[in-house]
Amino acid sequence: MITGLLCAPSYEIIDTGMRILVVEDEPDLLKGLAKALREEGYAVDTAADGEDGLFKASDTNYDAIVLDIMLPRLNGWEVLKRLRAKKPTPVLMLTARDASADRVRGLDTGADDYVAKPFDLPELLARLRALIRRSAKATRPVIKVAGIEINTAARVVASAGKPVELTAREYSLLEYLALHRGEVVTRSALYEHLFDENEDTLSNLLDVHVSNLRKKLGADIIMTRRGHGYLIEDVH
């Protein structure tokens, strides 16, 4: 059960540019949570059992995983244990079991956070955002770079103190590059994090969005490393 759906804010949702995997065996909850996350702007993949969840989690570099414990074929504990032997992907454990011992076991196994059912949707979303920020070593919700302020909680962008209107994909691209500022991010990595498994993309989409961001925020905001990818420099 998801609570808090009726009290969601009425502002326009902007794409976060983050890709999430939800592993949950209850069909209605899986469908409802995936729908809520997509409406919030995430690219979402789903799995209905532990084996499929582990395969997808191992095969794709997700920004975060929402993982149920009581799963068929392979339970959440085992999925998490095997995943941790391969990857440090942030994991939010989701279960109807709310005993302290279960929370401790989940955290000791390698989970990054824990939410018990029925859960409050705004709280779950806030915890996911916090996990993603911590994973990218961005503990504060506001990222400042080259005179640009990106508020990842409110999902708004300002340049020299003035709001800048961006499309969903433009914001997605800017936020992801800003979270990884100082690093060259490959085109394939950007496609992997901006789109889910059900979407088809065109090879020139990134070029179009980068060009639009440069027009709105300045020609030097995003640097191109030919043959490698794109970069927002880490300017202090």
Side-chain angles (χ1 to χ4, degrees), residues 1-2 16-38 40-119 121 123-137 176 179-180 185-186 188-201:
M1 180 186 297
I2 304 175
T16 65
M18 299 297 165
R19 189 170 176 181
I20 307 295
L21 172 65
V22 180
V23 189
E24 167 62 58
D25 66 320
E26 296 179 32
D28 290 342
L29 179 56
L30 178 62
K31 181 178 179 180
L33 184 53
K35 180 176 183 292
L37 287 168
R38 290 187 179 113
E40 191 70 11
Y42 293 98
V44 182
D45 295 344
T46 61
D49 63 71
E51 285 189 359
D52 189 34
L54 178 60
F55 173 78
K56 289 183 176 180
S58 302
D59 189 61
T60 301
N61 292 322
Y62 292 101
D63 296 286
I65 297 171
V66 178
L67 176 65
D68 189 28
I69 289 180
M70 305 303 291
L71 294 167
R73 303 182 72 178
L74 203 64
N75 66 43
W77 303 124
E78 191 62 26
V79 171
L80 181 59
K81 179 181 177 181
R82 297 187 189 185
L83 178 64
R84 280 293 172 261
K86 302 176 181 178
K87 288 185 173 183
T89 310
V91 174
L92 180 85
M93 299 296 287
L94 179 64
T95 179
R97 305 173 67 178
D98 59 357
S100 175
D102 289 318
R103 293 195 294 272
V104 171
R105 181 180 178 184
L107 296 171
D108 284 346
T109 304
D112 298 275
D113 206 348
Y114 190 108
V115 174
K117 304 174 189 175
F119 58 85
L121 181 61
E123 179 185 358
L124 183 143
L125 293 173
R127 288 178 178 271
L128 273 178
R129 290 193 296 268
L131 285 183
I132 292 170
R133 287 198 303 269
R134 289 202 297 270
S135 177
K137 296 181 176 60
Y176 192 80
L179 284 171
H180 296 83
V185 182
T186 65
S188 60
L190 288 168
Y191 275 121
E192 185 173 33
H193 287 275
L194 293 175
F195 304 98
D196 64 39
E197 61 189 353
N198 299 314
E199 293 184 278
D200 294 323
T201 61

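Residue numbers run from 1 in the order of the sequence given. This one's a predicted model, so the numbers in the text were calculated from it and none came from an experiment.
Between L94 and L124 the shortest heavy-atom distance is CD1-CD1, 4.4 Å. Here the closest non-hydrogen pair linking I132 and A64 is CG1-CB, 4.2 Å. Of all heavy-atom pairs between Y62 and I20, the closest is CD2-C, 3.8 Å. Closest approach of L121 to A36, counting heavy atoms only: CD2-CB, 3.8 Å.
Put simply, the side chain of W77 reaches to within 4.5 Å of the side chain of I69, judged on heavy atoms. Under the 4.5 Å side-chain criterion, counting only non-hydrogen atoms from C-beta, I65 is not in contact with V79. Looking only at side-chain heavy atoms (C-beta outward), F55 and L74 stay at 4.5 Å or farther from each other. Here the side chains of D68 and V23 are not in contact, with every heavy-atom distance at 4.5 Å or above.
Remark: D49 pairs with E51, D52, P72, R73 by the side chain to side chain contact (heavy atoms under 4.5 Å, CB included) rule, at least two apart or across chains. Qualifying side chain to side chain contact (heavy atoms under 4.5 Å, CB included) partners for K87, counting only residues two or more places apart in sequence or in other chains: N61, L83, T89. A search for side chain to side chain contact (heavy atoms under 4.5 Å, CB included) contacts involving D112 returns R84, P90, V91, L131, not counting sequence neighbours. Applying the side chain to side chain contact (heavy atoms under 4.5 Å, CB included) criterion to E123, with sequence neighbours excluded, gives D120, R127. Scored by the side-chain hydrogen bond (donor to acceptor under 3.5 Å, both in side chains) test, K31 finds no partners at all (sequence neighbours excluded).
A distance of 7.5 Å separates CG in N75 from CE in M70, rounded to the nearest 0.5 Å. Put simply, OH on Y114 and CG on L67 are 11.0 Å apart, with the number rounded to the nearest 0.5 Å. Within the model, atoms CZ of F119 and CG of L33 stand 5.0 Å from one another, a figure rounded to the nearest 0.5 Å.
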List the steps, then state whether side-chain contact (heavy atoms from CB on, under 4.5 Å) holds for E24 with V66.
-> CA-CA 8 Å; E24 167 62 58; V66 178; over 6 Å; no
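Remark: side-chain polar atoms of D63 are paired, donor with acceptor, to backbone N or O of R19 under 3.5 angstrom.
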